[in-house]
Amino acid sequence: MTTTIHTSPVRTDAALTLSGVLASALPHDLHTAQGPTRYTVPAVFSRRPQPREIDLLRGSGVRQELADAGYSHIDLSVSDRRLLIGNTNLAELKSGLAHLVGNILAGVSSQASKERQDRTEELDALGMVEEQRLEFLRQAASEIHFD
């Protein structure tokens, strides 16, 4: 028997968010005597991040925002559909870092979306200029008669 699961495609223009912590990928020895106090916490993205969003997350603006909030020791990186929040722990995330990361992600997503929209409008304008140029050439060429 074959089971088919129908899913609707994820819209890449939807805001990039985090759906939660991937608990199964946390260090296996957490909350033991040998367990680390700081570690990487993997959080799952709502969709695959676009290249520009990844660039913005890696940028100095995000590092500065973390530092300004007192989290200069935090490292954010992307691995496939996961945001890896390095050098932290669950308690730190719960006490405010998660909210900050969510705000950072909203800003990154918004900025990337605005840049995409600006590029689309620019390309549309260039396309219109090109179409006008071609129409002018067609009109000019149609006025040439060899009789």
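- The hydrophobic cluster containing I85 also contains Y39, counting ILVMFWY residues as joined when their side-chain heavy atoms lie under 4.5 angstrom apart, directly or transitively.
- When atom types are taken as modelled, the side chain of S109 and the backbone of L16 share a donor-acceptor pair closer than 3.5 angstrom.
- The environment of CZ in R52 is crowded: more than 12 heavy-atom neighbours from other residues, nucleotides or ligands sit within 6.0 Å.
- Summarising the geometry of E92 relative to S95, their closest heavy-atom pair is O-OG, 3.1 Å, with the distance given to 0.1 Å.
- Under the rule for a side-chain contact (heavy atoms from CB on, under 4.5 Å), the partners of S60 that lie at least two apart in sequence or sit in another chain are R63.
- With Y71 contributing its side chain and L100 its backbone, the two residues share no donor-acceptor pair below 3.5 Å.
- Side-chain atoms of R81 come within 3.5 Å of backbone N or O of F45 as a donor-acceptor pair.
- Side-chain contact between V62 and L56: absent, with no pair of heavy atoms (C-beta onward) separated by less than 4.5 Å.
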* Apply salt bridge (charged side-chain N to carboxylate O under 4.0 Å, His left out) to the pair E143 and R138, showing each step before the final yes or no. => CA-CA 9 Å; E143 294 171 357; R138 284 190 288 269; over 6 Å; no
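- Apart from I144 itself, the hydrophobic cluster it occupies contains F146, where clustering links Ile, Leu, Val, Met, Phe, Trp and Tyr at side-chain heavy-atom distances under 4.5 Å.
- Looking at T32, its side chain does come within 3.5 Å of a backbone N or O of G35 through a donor-acceptor pair.
- If you chain together hydrophobic residues whose side chains sit under 4.5 Å apart, L76 and V21 fall into the same group.
- Of all heavy-atom pairs spanning L83 and V101, the tightest one is CD2-CG1, 3.6 Å.
- No continuous path of ILVMFWY side-chain contacts below 4.5 Å connects V78 to L84, so the two sit in separate hydrophobic clusters.
- For N87 (side chain) and D75 (main-chain N/O), no donor-acceptor pair under 3.5 Å exists by modelled atom type.
- S77 is not listed as a side-chain neighbour of L57, based on a closest heavy-atom distance of 4.5 Å or more.
- For the 3.5 Å distance criterion, the side chains of Q139 and E135 fail to qualify, holding no donor opposite an acceptor.
- Remark: R47 engages E53 in a salt bridge, criterion side-chain N to carboxylate O under 4.0 Å.
- Looking only at side-chain heavy atoms (C-beta outward), R116 and Q50 come within less than 4.5 Å of each other.
- To the nearest 0.5 Å, atoms CG (D55) and CD (E115) are separated by 9.5 Å.
- In this structure a side-chain-to-backbone donor-acceptor pair under 3.5 Å is present from N89 to A91.
- Cluster annotation: L30 and L22 are assigned to distinct hydrophobic clusters (Ile/Leu/Val/Met/Phe/Trp/Tyr, side-chain heavy-atom contacts under 4.5 Å, transitive).
- Across every non-hydrogen atom of L66 and L97, the tightest pair is CD2-CD1, 4.2 Å.
- Pairing each heavy atom of A15 with each of S46, the nearest pair is O-OG, 3.6 Å.
- The two atoms that bring T40 and G86 nearest to each other are OG1-CA, 3.7 Å, heavy atoms only.
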